[in-house]
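Just below is one structure, and these are the notes that go with it.
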Amino acid sequence: MNSEINIMVFGQLAELTGSTSVKVNLPEDTDSLKKLLLEQFPALVNYNFIIAVDKRTITENSNLYQGATIAILPPFSGG
Amino acid sequence: MNSEINIMVFGQLAELTGSTSVKVNLPEDTDSLKKLLLEQFPALVNYNFIIAVDKRTITENSNLYQGATIAILPPFSGG
Amino acid sequence: MEARKPKQLFIQGAISSSFIGDSIQKHSSRHDIGGHSIFLGQVRADQVDGKTVRAIEYTSYEDMALEKMHEIREAIFSKYDLSCLHVYHSLGTVEVGEICLFVFTSSAHRKAATEACSELVERIKAELPVWGKELFDNETHQWKINK
Amino acid sequence: MEARKPKQLFIQGAISSSFIGDSIQKHSSRHDIGGHSIFLGQVRADQVDGKTVRAIEYTSYEDMALEKMHEIREAIFSKYDLSCLHVYHSLGTVEVGEICLFVFTSSAHRKAATEACSELVERIKAELPVWGKELFDNETHQWKINK
């Protein structure tokens, strides 16, 4: 069974990853996702970013599931 | 020597006096002017109004002089 | 710096939305501006004892109003770091739904424009010798009172 | 009362002054409105290490931004006694001097519109997933940071 999922990547983070979406094996929760992304893109350690699951920003560790809509977001700078 | 001067009258005060200008004999100061106007227009006692001399509102009794620009102003309601 | 000259303040009748749009457009050449704050006063169809306001007729002691507005402008420019400041007030009749006051401030960072705009509106209502006569639909009227 | 539907938020490119003028004009049929408060964000030609910003390129996580904006609208309508509330934000490239944000609130009495407008601007800048890339005149860029 394929448990790969797409992570949407926005703003300057997309410059870092070289793409607006990256594929990872579905981690159990958002903390694991963060760890996994930092392994894959070590330079991410220099960036502030937050994770959004199903269009809501995550403020504490949250479970992930197949089919979740996941995104990583640099600090907002609209207006 | 004629010491009559024109007092400009604005807003609802002009309805009361029936004119946008009234003539009075030049009083010594603004307190005397107020007294004189209240004699001439007793209904003024029911109105709040301020006196402007040379386009400045008067906050304490001030001397008047021949040639002064004098106006009586009801509460402002612009905007 | 040269003292600022008294500027136009009064507009005969309502202030049109195209006049407001044009004023905004004129600021596109000012590349130091990051934010504009605008306040618009609009005539409301208030109900009083079964009568409805259909228009407000504005009069002013114009010479005094221009001098007072000049003084307010100078005070606001001293207090806030503004790029621009414009104020227009109607004279004569303004129907319900039409604009009677247009206050427009601009600055590099939004806080100065926003705070200056609010303070201007308060000072204009309190200090400019302008009077509004509310005309009702039955040909009677009452004099507007600012709270 | 029926729940408000998500409304248009994004505009491709700059927000024109005629669009703003037209939006104001549309409110002339609302005779319960006494005051409008408007905030406009304009792109500034900031200098950074000898380079000059010539434009900002905006991107967004649009689906999330629309949901968040809907949530902010509901909160602002609950908190303030507003007649109307409109927010437009640019996507894509906006040149210096052009408008990238248009926040427009209306109410019977001015305080609600003014306070709601300020709070909206703060929340939009802090909470909407939108990113500005500042393009310099020498083809380099930097990512905008909101203070």
Side-chain angles (χ1 to χ4, degrees), chain C residues 14-47 52-54 56 83-84 94-111 113-115 117-119 121-122 124-125 146-147, chain D residues 14-47 52-54 56 83-84 94-111 113-115 117-119 121-122 124-125 146-147:
Chain C
I15 300 165
S16 72
S17 57
S18 62
F19 179 85
I20 298 163
D22 289 350
S23 298
I24 295 166
Q25 181 56 41
K26 281 181 189 154
H27 291 75
S28 65
S29 59
R30 290 290 304 269
H31 295 174
D32 55 330
I33 291 174
H36 304 284
S37 186
I38 293 174
F39 178 81
L40 303 173
Q42 181 165 307
V43 175
R44 225 174 31 235
D46 278 353
Q47 308 265 341
T52 305
V53 171
R54 63 167 179 83
I56 296 181
S83 309
C84 256
V94 183
E95 310 281 333
V96 293
E98 293 185 324
I99 306 292
C100 56
L101 173 63
F102 173 26
V103 179
F104 186 9
T105 54
S106 309
S107 55
H109 302 282
R110 69 189 177 282
K111 198 165 169 248
T114 305
E115 291 180 358
C117 188
S118 291
E119 185 169 331
V121 173
E122 298 307 317
I124 287 162
K125 285 178 176 260
N146 278 0
K147 284 168 205 150
Chain D
I15 299 166
S16 72
S17 58
S18 61
F19 179 85
I20 297 163
D22 289 349
S23 298
I24 294 166
Q25 181 56 42
K26 280 179 192 156
H27 291 74
S28 64
S29 59
R30 291 289 304 269
H31 295 174
D32 56 329
I33 291 174
H36 305 285
S37 185
I38 293 175
F39 179 81
L40 303 173
Q42 180 164 308
V43 175
R44 222 173 35 233
D46 278 353
Q47 307 266 342
T52 305
V53 172
R54 62 168 179 81
I56 296 180
S83 310
C84 256
V94 183
E95 310 282 333
V96 293
E98 293 184 323
I99 305 292
C100 57
L101 174 62
F102 173 25
V103 180
F104 187 8
T105 53
S106 309
S107 55
H109 301 282
R110 68 187 178 283
K111 200 166 170 245
T114 304
E115 292 180 358
C117 188
S118 290
E119 186 169 332
V121 173
E122 298 308 315
I124 286 161
K125 286 178 176 260
N146 279 0
K147 282 168 207 147

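Just so we're clear, the structure is a prediction, and the values are computed from it rather than from any experiment. Proteins come first, then strands; the chains are lettered A, B, ... in the order of their sequence lines, and each starts at number 1.
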Derivation and outcome, side-chain contact (heavy atoms from CB on, under 4.5 Å), residues C:Arg44 and D:His109: CA-CA 10 Å; C:Arg44 225 174 31 235; D:His109 301 282; 3.6 Å; yes
Residue part contacting chain C, namely of D:Val121, when any heavy atom lies under 4.5 Å: side chain
Engaged part of C:Thr114 at the chain D interface, taking heavy atoms whose separation is under 4.5 Å: side chain
Under 4.5 Å from a heavy atom of chain D, the part of C:Ile20 involved: side chain
C:Gln42 side chain to D:Ser106 backbone, donor-acceptor under 3.5 Å: no
D:Ile99 versus chain C, the contacting section by heavy-atom distance below 4.5 Å: side chain
Contacting moiety of C:Ser118, where chain D heavy atoms sit under 4.5 Å: side chain
Contact leader toward chain C among D:Val96, D:Val53, D:Asp22, where contacts are heavy-atom pairs under 4.5 Å: D:Val96
Part of C:Lys125 within contact of chain D (heavy atom distance under 4.5 Å): side chain
Side chain, backbone, both or neither of C:Gln25 within contact of chain D (heavy atoms, under 4.5 Å): both
Heavy-atom pair of closest approach, residues C:Gly21 and D:Ser17: O-CB, 3.3 Å
Max heavy-atom pair count under 4.5 Å with chain C, selected residue of D:His27, D:Lys111, D:Glu95, D:His36: D:His36
Which portion of C:Ala108 sits near chain D, non-hydrogen atoms under 4.5 angstrom: both
Residue among D:Val103, D:Ile24, D:Ile33, D:Thr52 with most heavy-atom pairs under 4.5 Å to chain C: D:Ile33
Top contributor to chain D contacts, counting heavy-atom pairs under 4.5 Å, from C:Gly34, C:Ser18, C:Gly35, C:Cys117: C:Gly34
Proximity breakdown for C:Val43 and chain D, heavy-atom pairs closer than 4.5 Å: backbone
